[in-house]
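Structure first, commentary second.
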Amino acid sequence: MRTCVLILAGLMMVSCADTLTLTELEDLANPVGVTEREDLPGMYYMGTAQGHHYFRHEPTFGIAHTVRVDERDYPLDRTIEYTGERDRWIPIDVMPGFDQ
């Protein structure tokens with residue numbers, strides 16, 4: 001049952017994600033005026049599916065949401081299969097292929 005719920009939740013996240021350009025993703029991950037690393041919003045790579053890389057944006061103040069970037073716009077050194085399991089997400093600051 002738990003597996004069914006996770007799969008359903010994952011599919012719902014994938015279908016609801018806003019599509020961004022790489023520049024828009026970088027702007028989201030590095031807001032203007034933020035100078036301290038610990039003040040940056042949480043940004044996680046959730047995996048790749050259906051031709052897109054999925055990311056979870058978790059601002060310090062505000063509502064968390066999922067966004068995606070076309071694979072062709074953002075080639076990564078390594079990818080993982082998309083997952084809704086938070087413990088498998090990769091923080092952006094440690095992910096190869098993403099410069100902050």
Side-chain angles (χ1 to χ4, degrees):
M1 180 67 173
R2 180 175 182 257
T3 302
C4 291
V5 171
L6 287 174
I7 290 171
L8 182 59
L11 290 173
M12 289 173 57
M13 281 182 156
V14 168
S15 64
C16 303
D18 293 327
T19 302
L20 304 179
T21 65
L22 179 55
T23 301
E24 291 169 329
L25 178 67
E26 290 171 339
D27 290 345
L28 193 62
N30 298 295
V32 174
V34 174
T35 57
E36 299 296 323
R37 177 77 190 128
E38 56 271 2
D39 292 336
L40 284 173
M43 183 72 78
Y44 301 89
Y45 169 62
M46 300 171 69
T48 301
Q50 303 171 353
H52 292 90
H53 302 302
Y54 288 83
F55 300 90
R56 185 72 173 166
H57 178 243
E58 298 181 345
T60 305
F61 302 102
I63 299 170
H65 58 281
T66 302
V67 297
R68 66 185 186 173
V69 176
D70 191 293
E71 284 182 284
R72 295 169 296 190
D73 293 341
Y74 184 11
L76 296 175
D77 299 333
R78 290 183 311 138
T79 61
I80 61 170
E81 185 177 333
Y82 173 85
T83 181
E85 296 178 38
R86 185 181 173 81
D87 61 335
R88 295 187 52 214
W89 296 351
I90 302 171
I92 287 295
D93 60 336
V94 300
M95 187 179 163
F98 193 88
D99 297 322
Q100 283 207 30

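Quantities reported herein were computed from a predicted structural model and do not represent experimental measurements.
One finds the NE2 atom of His57 at 10.5 Å from the CD1 atom of Ile92 (value rounded to the nearest 0.5 Å).
Of all heavy-atom pairs between Tyr54 and Ala49, the closest is CE1-O, 3.4 Å. Closest heavy-atom contact between Thr19 and Glu24: O-OE1, 4.4 Å. Closest heavy-atom contact between Thr21 and Val69: O-CG2, 4.3 Å. Ala64 and Arg56 make their closest contact through CB-NH2, 3.6 Å (heavy atoms, listed as atom of the first residue, atom of the second, distance). Annotation for Gln50 and His52: closest pair O-ND1, 3.1 Å, computed over non-hydrogen atoms.
Every residue meeting the side chain to side chain contact (heavy atoms under 4.5 Å, CB included) condition with Thr79, not counting sequence neighbours, appears here in chain and number order: Tyr45, Thr48, His53, Leu76. Listed by chain and number, the residues in a side chain to side chain contact (heavy atoms under 4.5 Å, CB included) with Arg86 are Tyr44, Glu58, Trp89 (sequence neighbours excluded). By the salt bridge (charged side-chain N to carboxylate O under 4.0 Å, His left out) test, Asp70 is found to be paired with Arg72, residues two or more places apart in sequence or in another chain being considered.
Within the 4.5 Å cutoff, side-chain heavy atoms of His65 are placed close to those of Val67.
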